[in-house]
Amino acid sequence: MDAPLSPASPATLPTVAVVGLGTMGTGIAEVLARAGREVIGIDVSEAAAAQAVAALEASTARAVRRERLTEDERRDVLARFRTFTDLQAAADADLVIEVAPESYEIKQQIFRELDTVVRPETILATGTNALSVTRLAADSARPERVLGLHFFNPAPAMKLVEVVSSVLTAPTAVAAVTDLAVELGKEPVAVGDRPGFVADGLLFGYLNQAAAMYEAKYASREDIDAAMKLGCGLPMGPLALLDLIGIDTARRVLDAMYAESHDRLHAPAPVLKQLSEAGLTGRKSGRGFYTYAEPGSSEVVRDALTPLTGEVAAGARTIRSVGVAGSGTMASGIAEVFAKAGYDVVLAARSEEKAEKAKSRIGKSLSRSVDKGRMTAEAAAQTLDRITPADSYDAFSDVDLALEAVAEDLEIKQQLFATFDKVCKPGAVLATTTSSLPVVACARATSRPQDVIGMHFFNPAPAMKLVEVVRTVLTGDDVHATVREVCAKIRKHPVDCGDRAGFIVNALLFPYLNNAIKMVQEHYATLDDIDAAMKLGGGYPMGPFELLDVVGLDVSLAIEKVLHREFRDPGLAPAPLLEHLVAAGCLGRKTGRGFREYARR
């Protein structure tokens with residue numbers, strides 16, 4: 001039976017004990033103290049306790065300098081934080097938050113001791129993100145008072161708090177800590193008990209896939225990280241983030257996730273085990289995927305894997321004119337990019353009307369740039385003059401680079417490459433913007449497969465900096481060098497990858513999106529909670545369901561099917577919920593309904 005909560009005056013849960021004063025525990029203590037709570041910091045290490053006090057003194061001093069706290073308020077905050085080395089100090093706490101190392105043995109010992117110390121109505125929260133809250137609760141004398149309270153690092157800055165209920169947790173305990181999170185200025189998300197919860201459950205699968213991609217030597221660490229930052233707008237690349245989190249921590253979380261899901265996407269990549277066991281755990285050890293100036297430093301230093309900069313591509317062909325095939329948003333965007341960079345562009349479509357319409361779209365885009373002060377009216381006019389619309393691919397007879405941006409249909413692309421082969425001059429580079437189809441299949445439609453390469457731009461092409469440069473086993477070195485050089489001239493960031501489904505970005509992005517759909521399908525969390533968790537906890541510019549509706553559910557399903565077909569991993573099978581929505585014609589923003597409904601314009 002649920003014991004009554006203590007009075008919520010002067011605020012919800014006024015006295016809170018934090019057990020474990022590492023980085024996370026210290027951050028949580030600071031948040032609580034600054035929000036007016038009496039905070040009892042407990043750590044078996046006197047040095048850790050002293051370090052926590054010093055950290056709070058330093059952070060509050062910075063807040064005073066930045067005029068976010070007055071000196072009097074700072075004194076009050078410091079006075080509310082007291083440290084101890086014995087769990088007996090938690091006797092008067094209304095809430096205890098345990099942030100000890102991720103070990104059942106350690107956490108269970110803490111909970112057993114707390115059972116003998118705290119009042120019957122005290123709530124016990126674990127900060128775990130990998131262990132079972134239910135298992136910890138079941139071992140407690142008061143399982144109805146045990147729940148998970150998962151803050152994100154750094155706790156003072158990150159808004160998300162996952163409130164984790166087990167089947168044993170009393171609703172009143174959940175309500176109390178939820179109210180507390182709101183009073184702390186956080187955004188609580190209610191979730192059930194499974195490894196990783198929402199944010200880490202989605203994040204760590206993605207990080208694991210990135211580690212496996214690197215381990216397979218598919219792409220360099222720098223290219224993987226740049227691709228996800230520039231292609232998805234993420235604040236950090238996955239390998240740099242693994243170094244920040246701690247490779248040993250990531251491996252532990254993935255082990256727990258795999259034990260429950262048996263999904264191969266959660267089976268820790270062997271490189272994580274190798275690095276962990278070698279003591280190369282990331283920033284905290286001074287070396288992980290990258291090498292750092294010293295343990296604990298964020299400064300990346302050169303090592304044997306760091307690519308040389310400023311290398312001039314050897315044997316690159318001269319590119320003066322470019323042919324762009326297609327009349328959609330991507331084709332017109334790419335044509336605009338090349339024209340802005342000073343290239344003469346032939347924009348060819350299936351009819352003169354379509355080609356003229358695509359050029360008109362570019363004119364409107366350039367006008368918006370003028371209105372926003374990004375270019376002069378004269379520069380916009382000169383850019384538009386460099387674009388020649390055409391209703392036949394015969395107009396590509398003298399271009400140095402022919403690039404297609406037509407429908408994502410292999411048969412259509414192969415027919416187009418056969419046409420390029422006939423009309424383009426010898427030595428012209430032939431490129432496809434495909435995001436999911438085999439580039440080599442386009443190459444084999446020509447008599448010159450050594451001249452064919454992938455240049456995967458991202459939408460909208462004028463704004464997005466990334467280009468995935470996809471060479472096949474037949475692509476010539478000079479063609480690869482040419483495209484790298486061209487990317488620099490059009491001010492895009494090229495990343496190299498091989499010719500396999502999804503390349504870098506989609507191969508890492510879409511399994512993550514698919515797993516988010518499975519969470520909703522399994523009624524684990526709501527659309528809104530998942531979107532909030534990934535934006536607030538992972539720094540994503542959009543939640544997965546916002547992004548799916550923008551990309552288009554039909555496009556997303558097609559990419560997921562390609563990934564599943566190529567890698568034959570059961571974990572990559574598209575979620576049935578996605579297939580059902582597509583079958584119902586709910587394709588996202590473009591139809592007015594996808595995972596959410598949108599106002600018709």
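Residues take their numbers from the sequence shown, with the count starting at 1.
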Quick check: does any side chain N or O of [X] sit under 3.5 Å from a backbone N or O of [Y], one acting as donor and the other as acceptor?
{"X": "Glu98", "Y": "Lys107", "result": "no"}
{"X": "Asp243", "Y": "Arg283", "result": "no"}
{"X": "Asn514", "Y": "Ala575", "result": "yes"}
{"X": "Lys186", "Y": "Met158", "result": "yes"}
{"X": "Asn515", "Y": "Leu202", "result": "no"}
{"X": "Ser166", "Y": "Val133", "result": "no"}
{"X": "Gln521", "Y": "Leu577", "result": "yes"}
{"X": "Glu222", "Y": "Pro307", "result": "no"}
{"X": "Glu215", "Y": "Val271", "result": "yes"}
{"X": "Arg37", "Y": "Ala35", "result": "yes"}

Can you find a pair of side-chain heavy atoms, one from [X] and one from [Y], that are under 4.5 Å apart?
{"X": "Tyr104", "Y": "Arg135", "result": "yes"}
{"X": "Arg75", "Y": "Leu78", "result": "no"}
{"X": "Val16", "Y": "Asp94", "result": "no"}
{"X": "Leu95", "Y": "Val177", "result": "yes"}
{"X": "Ile42", "Y": "Asp86", "result": "no"}
{"X": "Glu560", "Y": "Leu572", "result": "no"}
{"X": "Leu547", "Y": "Leu509", "result": "yes"}
{"X": "Leu32", "Y": "Val18", "result": "yes"}

Stepwise, does the side-chain hydrogen bond (donor to acceptor under 3.5 Å, both in side chains) test hold for Thr12 with Glu183? CA-CA 8 Å; Thr12 308; Glu183 289 171 23; 2.6 Å; yes

Give, for atom [atom1] of [X] and atom [atom2] of [Y], the distance between the pair rounded to the nearest 0.5 Å.
{"X": "Leu168", "Y": "Arg142", "atom1": "CG", "atom2": "CZ", "answer": "14.5 Å"}
{"X": "Leu124", "Y": "Leu114", "atom1": "CG", "atom2": "CG", "answer": "5.5 Å"}
{"X": "Thr172", "Y": "Glu121", "atom1": "OG1", "atom2": "CD", "answer": "11.5 Å"}
{"X": "Phe81", "Y": "Asp76", "atom1": "CZ", "atom2": "CG", "answer": "15.5 Å"}
{"X": "Arg74", "Y": "Arg34", "atom1": "CZ", "atom2": "CZ", "answer": "11.0 Å"}
{"X": "Phe510", "Y": "Ser556", "atom1": "CZ", "atom2": "OG", "answer": "4.5 Å"}

Does any donor atom in the side chain of [X] or [Y] lie under 3.5 Å from an acceptor atom in the other side chain?
{"X": "Tyr290", "Y": "Asp225", "answer": "yes"}
{"X": "Glu105", "Y": "Gln109", "answer": "no"}
{"X": "Glu30", "Y": "Ser59", "answer": "yes"}
{"X": "Asn153", "Y": "Thr23", "answer": "no"}
{"X": "Arg68", "Y": "Thr60", "answer": "no"}
{"X": "Glu144", "Y": "Thr169", "answer": "no"}
{"X": "Asp193", "Y": "Ser132", "answer": "yes"}

What do you reckon, is [atom1] of [X] surrounded by more than 12 foreign heavy atoms closer than 6.0 Å?
{"X": "Arg302", "atom1": "CZ", "answer": "yes"}
{"X": "Arg112", "atom1": "CZ", "answer": "yes"}
{"X": "Glu67", "atom1": "CD", "answer": "no"}
{"X": "Asp92", "atom1": "CG", "answer": "no"}
{"X": "Arg287", "atom1": "CZ", "answer": "no"}

For Thr281, enumerate each residue passing the side-chain contact (heavy atoms from CB on, under 4.5 Å) test, keeping only those at least two apart in sequence or located in another chain.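 Applying side-chain contact (heavy atoms from CB on, under 4.5 Å) to Thr281 gives Asp248, Lys284, Ser285.
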
Distance-minimising heavy-atom pair for [X] and [Y]:
{"X": "Ala52", "Y": "Thr26", "answer": "CB-OG1, 3.5 Å"}
{"X": "Leu234", "Y": "Pro541", "answer": "CD2-CD, 4.1 Å"}
{"X": "Ala525", "Y": "Ile530", "answer": "CB-CG1, 3.7 Å"}
{"X": "Ala250", "Y": "Leu242", "answer": "CB-CD2, 3.4 Å"}
{"X": "Val96", "Y": "Thr122", "answer": "CG2-CG2, 4.1 Å"}

May I ask you to check whether Phe204 and His266 place their ring centers less than 6.0 Å from one another?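 Not close enough - the centres of the two rings lie 6.0 Å or further apart.
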
Passes side-chain contact (heavy atoms from CB on, under 4.5 Å), Met213 versus Gln209? Steps please. CA-CA 6 Å; Met213 180 180 280; Gln209 292 300 104; over 6 Å; no

Please determine whether side-chain hydrogen bond (donor to acceptor under 3.5 Å, both in side chains) holds for the pair Glu102 and Thr128, giving the CA-CA distance in whole Å, both sets of side-chain angles, and the decisive distance to 0.1 Å. CA-CA 7 Å; Glu102 290 287 87; Thr128 185; 2.8 Å; yes

Applying side chain to side chain contact (heavy atoms under 4.5 Å, CB included) between Asp303 and each of Val300, Val301, Leu305, report the one that passes.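 Filter result, single survivor: Leu305.
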
Please work out whether the ring planes of Tyr540 and Tyr206 are parallel, tilted or perpendicular, with thresholds of 30° and 60°.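 Geometry flag for Tyr206 against Tyr540: perpendicular rings.
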
Which residue pairs pass the salt bridge (charged side-chain N to carboxylate O under 4.0 Å, His left out) test with at least one member in residues 535-552, sequence neighbours excluded?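 Found Lys535-Glu546.
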
Hey, are Glu277 and Arg251 close enough for a salt bridge, meaning a charged N less than 4.0 Å from a carboxylate O?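 The answer is yes: the pair qualifies as a salt bridge.
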
Test: Arg596 cationic atom under 6.0 Å from Phe545 six-membered ring centre, within 45° of axis: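 So Arg596 doesn't make the cation-pi contact.
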
Could you check Arg194 against Glu522 for salt bridge (Lys or Arg N to Asp or Glu O under 4.0 Å), going step by step and ending with a plain yes or no? CA-CA 12 Å; Arg194 72 188 220 181; Glu522 294 161 7; 3.0 Å; yes

